[in-house]
Every structure is written in structure tokens, then in C-alpha cells.
Amino acid sequence: MKKPSFRRRNALLSNGGALAGAALLGVALLVLLLRLLFPATTIALFTPVWNVGTAASGSVGTLLDGFRSNARLAAENRMLVDQNTALTAENASLSAKDADLTKLLGTEASKQQGVAAGVIARPPESPYGALIVAAGSESGIASGDLVLAAGGVPIGSVAEVAPHTARVALFTAAGEHRDAWVGASRAPITLVGQGSSFVASVPRADTIAKGDAVYLSGPGAIPAGTVMDISGDGSAPTEDIAIAPAVNVQSVTWVLVVNQRAP
Amino acid sequence: MIRGVVIALPILSLLFFPAPVAGILALLAAFYTPWAPLAVGVVADALYYTHGVGLWPIYSLVGAFATLAAILVRRFVETSIMH
């Protein structure tokens, strides 16, 4: 005989599922309340776990390196040695040129002042295209400060600040827009964040090639990335360019937070 | 034991693995409890949501939709088994 509908087992009320669901939701609400009421405490609680994850990722990477073939490693090593030699020579040449110009013009390059902060969490673990760094208002960091990675490359700006931690919104976050220029023709473009890279649209008439450098708008040449791919419909007046950022934000471990606005 | 591991794993994976991995584990946990995707989404937003990056806590919303779908699927399957 068919059971009346009010007697059927309810999908929500089976014992095992209900208890497990209640426990999970309880944990989720607890974490949410901690974030809302004590945001600094939340990060402090989870920082050791994030550090373990970062250390484990490094160890796994080292372990996997051992499985690469020796021939491939040797070839990669030779290529890197050649690159290093070329870059060292170029660096020496540029340093000499810089010294000559400084002597000629009588100016001094000022050292970048800022707060060095370790990165606690980064993409892809952090799904919102943001970093969590271990320095906050107690160290002089304020909302809107510019965040630089190695080499002085700007990668984002401070979005939220707590006494000892801060959250950094990356330029590569999905939906972020930045004015920039590209190539020898200095074509103006708007970079659109895609999570870990940028895309931009340029008029088909502009002579942009793979490998062209992209710079953020602002004083001087602020590196943003390199053109990796150019694609688009042949009949369209514009073409899309994919840009690899100058810094891989997924491997950033230290940043410098400076008291400047983002370009 | 296995049920407990499958249910707890998505929340732990948020701390070590990219979000899509946690999403897949949450969908697997939904077989045991349909509330898993919502809980994982809320924890992901509590840990990582940043003002200025994204207008909405998108992972909570996605988790809520996934939970609703899991409840509907589970109700349909159990009703089919009854018949």
C-alpha cells in the first residue's frame, strides 16, 4: 500500500544527514561570526594552517622535481645559465649608464620606503584574487596603499586593514580594470583581470606583437606584464590580447606596502 | 568513519587547496548531507571574501544553490526508491 505523503521520509530529516548538516552549518556560522566580530582573530587562528599548507606545497614541488628526467633538467639548467649570463651583462651595462646619467644630471634615485609584509594566504587557495599579509595598521599600513612585489612591480592595493593583518586586492582579480599601455607604439589599453592574468582589447591597426611589454599608466614605466597571445575575429575592428602578469601572484611570499595610491 | 571524513574534508581543503577542489569535495559530501555546499561556501567567504574584490559573497550564493539542488535531487531519489 502506498504511504501517504506526510508519512514519507523527508530528505532533510534523516538522522545521519540532519546531524551532519547541523554540525557543518554550526561550524560555518561560527567561522562567519568570528570573521564579522573578530576579523583579526580569525586570521590569527588560521595563519598556522595556511603556513603549513604553504610549506607542504613547497615540499611537494621539491619532491616532484626529483622525478623529472636528468636530461630535461640539464637542458633547463644550460638555458638558465645562458639567460643569467646575458642578464648579468645587461645589468652591468644599465648600471654603468645609470651612473653616468646620475653624474650628469646630479640626481639620486630614492630608495623605496615601505612596510615589508609576509604573505599568509594567496591565490589559488584564496579564491577572490586577494592576498592576506601579516602586517596591518600597527605597522603603518592604511587602506588604499600600493602593494609591490619583488623588483618593485605593483600587484595590488590594500583593501581591508586590521591591526596586524591586511587584505590586498590584486590587480589580476576577476573584473578589476587598470589603465595601461603596450608596445613600441604606446597603445593605450585597459587591463581586465582574469584571476591570474589580464586581457585587453586593442584596435586591429595597432602593431602589437607577442612578447611586447605592458606598462601601467603613471609616472615612469611601471611593468604590468607581457603579451602572450593575440586573438580575435579577422573581420572585427579590435583584437584581444592575453597578458601574463610580470609577477606570478601564486608564488609571492613577501610584499612591500608603500604609502602611495595605485596607478 | 568514511562519512565523517567525506563531510569534514571540503572545509579543511579550503585551507590547503584551490577553491575548485573544495567545490568538488563539497558536491561529493552533498551525497551524505545536502547542507555541505552551503557550509563550505559560507566558510570560504568568511575566510577569503575581501571588500573591493567582487560585489557579492559569491561562494555562499553558489553553495546555497548547490544545496537547494542537492535537496531536490535527494528528495526525488528517495521518492523514486519508495515507489
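Just so we're on the same page: letters track the sequence lines, and every chain starts at 1. Please read all numbers here as calculations on a predicted model, not as lab measurements.
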For chain B, which of A/Ser126, A/Gly129, A/Ala173 has the most heavy-atom pairs under 4.5 Å? A/Ser126
What about A/Tyr128 and B/Tyr59, are their ring centers closer than 6.0 Å? yes
Please state whether the side chain, the backbone, both or neither of A/Ile132 comes within less than 4.5 Å of a heavy atom of chain B. side chain
Under 4.5 Å heavy-atom distance to chain A, tell me which part of B/Leu47 shows up: side chain, backbone, both or neither. both
Heavy-atom proximity to chain B below 4.5 Å, by part of A/Ala174: neither
What option among A/Pro124, A/Ala28, A/Pro127 has the most heavy-atom pairs under 4.5 Å with chain B? A/Pro127
Is chain A contacted by the side chain of B/Leu15, its backbone, both, or neither, given a heavy-atom distance below 4.5 Å? both
With rounding to the nearest 0.5 angstrom, report the CG to OG distance, A/Asp240 to A/Ser231. 5.0 Å
From B/Leu14 CG over to A/Glu125 CD, what is the distance, rounded to the nearest 0.5 angstrom? 10.5 Å
Whether A/Phe46 and A/Trp50 hold their rings parallel, tilted or perpendicular, with breakpoints at 30° and 60°: tilted
Measure distances from B/Leu12 to the heavy atoms of chain A and classify the residue's part below 4.5 Å as side chain, backbone, both or neither. neither
Side-chain contact test, heavy atoms from C-beta onward, threshold under 4.5 Å: evaluate it for B/Leu68 versus B/Pro34 and give yes or no. no
CD-OG distance between A/Glu176 and A/Ser157, expressed to the nearest 0.5 angstrom: 7.0 Å
Under a 4.5 Å cutoff for heavy-atom pairs, which residue among A/Val49, A/Ile43, A/Val168 has the most contacts with chain B? A/Val49
So, the part of B/Phe17 with a heavy atom under 4.5 Å from chain A: the answer is backbone
Output the distance between atom CG (A/Asp145) and atom CG (A/Asn259), rounded to the nearest 0.5 Å. 5.0 Å
